[in-house]
Amino acid sequence: MKSKKFGFLKHYRKIRVEGTNLISLINKCIKNEIDLRNLRWKNNIESTVEIKGEDFTSFKKLAGHSSRISVVQEGGAVPFFRCVRENIPAVAGAFLLGALIFYQSLFVAEIRIDGYSTIDEESLRQTLADAGLYEGARKSDDYSDVKAALYENHRSISWVSVYEKGRLIDISIAEADNDEKNEPSDTKPADIVASRSGMIEKIIPLKGNARVAKGDYVNKGDILITGKYKYQSTDYSRGDDFFYLYSHAEGQALAKVPERITYYFQKKQRVLKPTGRFIPGFYIRTGDAEIDTADAMCTYEVSERSESILVDIVKPLPVCIKLVRINEVKIEEEPQDIGNLGKVIDAALRQYAKDNLNKEERILDSSVDYSESEGLIKADVMLEVLEDIGTEKYIKIVKKSENVQEKPEE
């Protein structure tokens with residue numbers, strides 16, 4: 001018999017018909033326009049068939065008492081919603097579990113960094129956090145800002161890739177090769193000359209001859225390591241005159257040099273003093289949702305905030321709970337403490353050394369001279385710095401007859 005489609009949500013029943021008048025029953029169904037689907041003959045007295053739910057009562061009347069009718073299966077919207085209604089707790093639990101799993105997938109659970117060698121992982125992770133990528137942060141469709149932050153804050157990085165693997169963010173980096181041995185050497189004749197005046201503390205000629213020694217005072221432009229070699233010819237066809245060979249001088253010239261740095265400070269500094277009033281509260285963050293009870297109640301014009309972490313987890317769901325306290329403070333002006341200025345200057349000098357000096361260079365000694373003007377304190381810092389003052393200067397060579405003479409490049 002030709003099968004008919006009932007539709008995806010249409011209620012239907014699969015029934016078993018047992019009796020001896022199956023052919024007669026089918027003819028009655030055709031006459032009364034009862035659609036039959038998937039009619040299957042098992043034997044002469046038993047068959048299965050699918051009918052619409054609304055035709056079931058009519059089908060039973062047509063079958064009468066001569067056939068036994070039993071429902072094998074039901075399908076469509078009616079039994080589905082009946083099943084849902086009968087199992088509301090289980091359905092609700094499954095829905096909440098699915099929603100939780102989906103919500104989890106929106107956030108970063110782990111960040112893995114590979115490929116770094118000279119950069120410490122803590123500074124890399126801080127750069128990522130400043131760019132908005134940290135464990136518990138919402139995943140992004142575009143990580144170009146993260147890559148730009150890594151390139152900007154870590155100049156030795158030459159390549160970055162960011163891959164998402166579920167809730168794992170895999171970051172691979174490559175650092176530029178700064179090994180000078182891999183750089184092509186310059187063979188053009190050159191001397192190492194002083195870039196500034198100073199007293200030589202250490203001279204290391206790697207290639208060429210040293211012209212100065214420890215304790216020598218040199219002026220800017222003086223030759224420290226020369227690439228010029230004088231030799232007497234053993235070629236009797238050329239005579240026994242002196243001739244010159246030239247090379248590219250290399251080496252290091254560490255010298256004690258003076259340096260002056262000036263810092264300015266306000267005579268009076270602003271100090272925050274607590275009034276004793278405060279507002280306690282909680283900060284709760286789940287994913288992108290945030291609740292800050294203390295901040296919502298705060299009406300202080302000037303305040304300081306302190307936090308104590310109670311819960312900070314990423315798995316199975318990013319949740320952060322902090323105990324918060326907002327203290328009211330007032331701003332007062334006090335005279336600047338010279339002792340505190342010394343600490344500030346020491347910190348500034350450490351940063352200066354980090355930014356301007358290499359591993360061989362360092363600050364040997366320092367002294368500070370304070371002076372005051374209206375509203376300001378001036379701090380003149382005199383430094384004695386151990387610095388590499390050597391710089392290259394190419395030699396201009398002019399050939400004349402058999403001898404070779406040098407002419408400094410202007």
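- Residues Tyr394 and Pro189 fail the side-chain proximity criterion, which asks for heavy atoms closer than 4.5 Å.
- A salt bridge links Arg277 with Glu328; the closest basic N to acidic carboxylate O contact falls under 4.0 Å.
- Salt-bridge annotation for Lys267 and Glu372: present, with a side-chain N of the basic residue lying under 4.0 Å from a carboxylate O of the acidic one.
- The pair Glu332-Lys273 counts as a salt bridge, with a side-chain nitrogen and a carboxylate oxygen less than 4.0 angstrom apart.
- Two residues are said to be in side-chain contact when any heavy atoms from C-beta on lie closer than 4.5 Å; Tyr143 and Leu133 meet this criterion.
- No side-chain heavy atom of Val311 sits less than 4.5 Å from a side-chain heavy atom of Ile309.
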Identify every side-chain donor-acceptor pair in residues 106-114 under 3.5 Å, counting partners at least two apart or on other chains, and give the distances.
none

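- For Glu152 and Arg155, the salt-bridge test passes: some basic side-chain N is under 4.0 Å from an acidic carboxylate O.
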Would you please test Tyr134 and Ile169 for side chain to side chain contact (heavy atoms under 4.5 Å, CB included) and show each step? CA-CA 9 Å; Tyr134 51 89; Ile169 303 298; over 6 Å; no

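- Thr48 places none of its side-chain heavy atoms less than 4.5 Å from the side chain of Trp41.
- For the 3.5 Å distance criterion, the side chains of Ser140 and Asp142 fail to qualify, holding no donor opposite an acceptor.
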Test Asp191 against Lys393 for salt bridge (Lys or Arg N to Asp or Glu O under 4.0 Å), laying out the working first. CA-CA 5 Å; Asp191 292 329; Lys393 184 176 182 181; over 6 Å; no

Evaluate the side chain to side chain donor-acceptor pair (under 3.5 Å) criterion for residues Arg325 and Asn327: first the C-alpha distance (whole Å), next the side-chain angles of each, then the deciding distance (0.1 Å), finally the verdict. CA-CA 6 Å; Arg325 174 169 172 155; Asn327 298 297; 2.8 Å; yes

Could you please spell out the steps behind the side chain to side chain donor-acceptor pair (under 3.5 Å) verdict for Tyr283 and Glu307? CA-CA 9 Å; Tyr283 170 81; Glu307 298 179 347; over 6 Å; no

Would you check, one step at a time, whether the test side chain to side chain donor-acceptor pair (under 3.5 Å) holds for Ser366 with Glu384? CA-CA 6 Å; Ser366 64; Glu384 184 180 56; over 6 Å; no

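- Residues Leu36 and Glu50 have side chains not in contact (no heavy-atom distance under 4.5 Å, counting atoms from C-beta outward).
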Can Asp292 and Arg305 be said to form a salt bridge (Lys or Arg N to Asp or Glu O under 4.0 Å), step by step? CA-CA 12 Å; Asp292 193 334; Arg305 180 187 180 95; 2.6 Å; yes

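- Annotation for Phe282: atom CZ does not count as buried by contact number, only 12 or fewer foreign heavy atoms lying within 6.0 Å.
- Contact check for Glu175 versus Thr118: side-chain heavy atoms found under the 4.5 Å cut-off.
- Lys228 forms no cation-pi arrangement with Tyr246, by the criterion of a distance under 6.0 Å to the ring centre and an angle within 45° of the ring axis.
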Going through the distances and angles, do Glu387 and Arg196 end up as a salt bridge (Lys or Arg N to Asp or Glu O under 4.0 Å)? CA-CA 10 Å; Glu387 184 178 326; Arg196 57 186 303 182; 3.4 Å; yes

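- Salt bridge status for Arg270 with Glu334: absent, with no side-chain N to carboxylate O gap under 4.0 Å.
- At a cut-off of 3.5 Å, with distance as the only test, no side-chain donor of Asn209 or Thr226 sits close to an acceptor on the other residue.
- A donor-acceptor contact under 3.5 angstrom links the side chains of Asp120 and Ser123, judged on distance only.
- Surrounding CD1 of Ile204 are more than 12 heavy atoms belonging to other residues, nucleotides or ligands, all under 6.0 Å away.
- Proximity of Gln126 to Asp130: side-chain heavy atoms (C-beta onward) are separated by under 4.5 Å at one or more points.
- A donor and an acceptor atom, one from each side chain of Gln336 and Asn340, are nowhere located under 3.5 Å apart.
- When side chains are defined from C-beta on, Tyr263 does not count as touching Leu341, because their heavy atoms never get closer than 4.5 Å.
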